[in-house]
Amino acid sequence: MTFSPGCSIGVARYPEHGTTLDELLRAADVAMYEAKKERNTLRFFRTDLEEQYLYRVRIEQHLRGAETRGEIFLVYQPQADQHGRMYGVEALVRWQSPVLGSVPPDAFIPIAEHSGLITTLGYHIIDRALADIAGLQQQTGQTFSLSINVSARQLMENGFIDQLLERIDSSLLGFEQICIEVTENLLIEDIEQIHHILTRAKDAGVRMSLDDFGTGYSSLSTLRSLPFHEVKIDKSFVDHVTDDKTALAMVQNIIAIGQNYGMTVLAEGVETEEQLQCLITCGCDHFQGYLFARPLALDDLRACIARESLSPTQ
């Protein structure tokens with residue numbers, strides 16, 4: 001067997017970054033954490049890195065047990081078709097810490113993954129979303145899909161797909177109503193294992209969505225071999241689809257790829273009528289964004305369903 005190891009290096013200088021061994025090791029460790037974000041690179045310690053490091057430590061400390069203390073909650077953003085009808089919602093996690101205040105998901109989810117907290121947190125999100133939407137559908141008599149984001153690290157855990165299918169089976173929702181969203185960065189993992197996991201989900205009737213398509217590492221050959229049902233166009237492309245030819249070309253290409261592979265295409269971050277009309281002209285199937293609705297608490301989502309339409313409003 002041939003091994004090709006990489007190396008991420010953090011560097012601390014004496015006496016600028018510490019005068020004792022413990023101080024230097026901590027500074028070097030902080031710098032190495034920064035280097036590992038890019039992998040196989042080298043970073044020197046900086047004072048601002050320590051501030052970021054200490055903030056991450058505080059997030060990790062206060063995140064432990066946050067779901068049992070009632071600090072973690074979900075909001076739901078409706079997803080619309082070309083006629084403004086809601087066909088589904090995406091569950092989005094929020095954290096309101098009594099100490100740190102409102103902490104955005106892009107700040108605490110990576111830390112949860114790095115620290116191993118994502119397992120407990122991820123199952124809490126899945127259980128809460130299934131219970132919320134099953135109850136709401138019973139109350140309203142309306143059936144729609146539920147999209148749940150799953151961390152790549154959790155998806156790859158042994159036994160996760162069995163746990164997921166058991167939880168869905170125990171809920172009052174059908175497998176076909178569930179869409180699991182994973183980011184494109186997942187595709188740098190073990191493709192054979194990913195294929196097995198996604199196929200298990202597909203065989204059970206669960207749909208799979210590739211989030212943030214066009215911003216990560218996937219190749220067309222990899223995408224072709226995996227059983228995705230949906231690709232989502234990242235907001236960074238949608239933001240400039242009406243005023244940037246490159247962004248427009250990317251959107252057109254993503255839609256063409258999705259159509260050629262038999263997938264539906266959803267555009268995220270749709271905020272203006274001009275963006276919507278441009279995306280419809282390009283052949284996009286579904287839409288999500290502030291033009292239709294912001295992420296809603298469960299009671300607000302109930303009121304939204306009662307209106308029966310997500311007619312675009314500014």
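Since the model is a prediction, treat every value here as computed from it, not as a measurement.
Among E60, Q61, H62, the single residue meeting the side chain to side chain donor-acceptor pair (under 3.5 Å) criterion with R64 is E60. Of the candidates H286, K232, Q77, K235, E268 forms a side chain to side chain donor-acceptor pair (under 3.5 Å) with just one, namely K232.
Between I197 and L155 the shortest heavy-atom distance is CD1-O, 3.3 Å. The shortest non-hydrogen separation linking P105 to R94 is CG-NH1, 3.6 Å. Here the shortest heavy-atom pairing between C278 and V241 reads SG-CG2, 3.8 Å. Between P295 and V75, the shortest heavy-atom distance links the atoms CB-CG2, 3.5 Å. The shortest heavy-atom contact between E230 and S209 is OE1-OG, 2.6 Å. Between L74 and A91 the shortest heavy-atom distance is CD1-CB, 4.5 Å.
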*Before giving the answer on side-chain contact (heavy atoms from CB on, under 4.5 Å), spell out for I133 and L301 the whole-Å C-alpha distance, their side-chain angles and the decisive distance to 0.1 Å.*
CA-CA 10 Å; I133 299 305; L301 178 60; 4.2 Å; yes
_Worked check of side-chain contact (heavy atoms from CB on, under 4.5 Å) between I233 and V238_ = CA-CA 7 Å; I233 303 174; V238 175; 4.1 Å; yes
_Between F44 and H17, is the ring pair (Phe, Tyr, Trp, His ring centres under 6.0 Å) condition met? List the steps._
CA-CA 10 Å; F44 285 87; H17 305 143; 7.9 Å; no
*Stepwise side-chain contact (heavy atoms from CB on, under 4.5 Å) check, L248 with C282*: CA-CA 9 Å; L248 175 60; C282 291; 3.8 Å; yes
*Please walk me through it: do D127 and R167 pass side-chain contact (heavy atoms from CB on, under 4.5 Å)?*
CA-CA 7 Å; D127 291 341; R167 280 169 155 81; 2.8 Å; yes
*For the pair D299 and R302, evaluate salt bridge (charged side-chain N to carboxylate O under 4.0 Å, His left out) and give the outcome as yes or no after the intermediate values.*
CA-CA 5 Å; D299 288 342; R302 185 181 294 107; 2.7 Å; yes
*Hey, mind stepping through R43 and E38 against salt bridge (charged side-chain N to carboxylate O under 4.0 Å, His left out) and telling me if it holds?*
CA-CA 10 Å; R43 288 290 180 268; E38 297 183 25; 2.7 Å; yes
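Side-chain atoms of Q275 and E271 include no donor-acceptor pair closer than 3.5 Å. For the residue pair E157 / T119, a side-chain donor-acceptor distance below 3.5 Å is found, with atom types taken as modelled. The closest side-chain donor-acceptor pair between T20 and D22, if any, does not fall under 3.5 angstrom. Counted by atom type alone, E90 and Q288 present one or more donor-acceptor pairs between their side chains at under 3.5 Å. Using a 3.5 Å distance cut-off with no hydrogens or angles, the side chains of D300 and Y76 do not pair a donor with an acceptor. For S145 and Q177, the side-chain atoms include no donor-acceptor pair closer than 3.5 Å.
Cation-pi geometry between R294 and Y290 is satisfied (NZ or CZ under 6.0 Å from the ring centre, within 45° of the ring normal). Annotation: cation-pi geometry not satisfied between R13 and F45 (NZ/CZ under 6.0 angstrom from ring centroid, within 45° of ring axis).
Around atom CG of D162, more than 12 heavy atoms belonging to other residues, nucleotides or ligands sit under 6.0 Å away. K37 NZ: more than 12 foreign heavy atoms inside a 6.0 Å radius.
Contact of the M263 side chain with the Q259 side chain is not registered, since no non-hydrogen atoms from C-beta on lie closer than 4.5 Å. You'll find the side chain of L49 stays beyond 4.5 Å of the side chain of Y33, heavy atoms only. Proximity of L164 to I178: side-chain heavy atoms (C-beta onward) are nowhere separated by under 4.5 Å. In this structure, M156 and Q193 have side chains that are in contact, with non-hydrogen atoms separated by less than 4.5 Å. Residues D48 and Y53 are not in side-chain contact: their nearest non-hydrogen atoms beyond the backbone lie 4.5 Å or more apart. The shortest side-chain heavy-atom distance between T264 and V231 does not fall under the 4.5 Å cut-off.
The CG atom of L100 sits 11.5 Å away from atom CZ of F108, with the distance rounded to the nearest 0.5 Å. Once rounded to the nearest 0.5 Å, the distance linking CD1 of I72 with CH2 of W95 reads 6.5 Å.
Using cut-offs of 30° and 60° for the angle between ring planes, the F287 and F292 rings count as parallel.
Judged as a side-chain contact (heavy atoms from CB on, under 4.5 Å), and not counting sequence neighbours, the contacts of H240 are D243, D244, A247.
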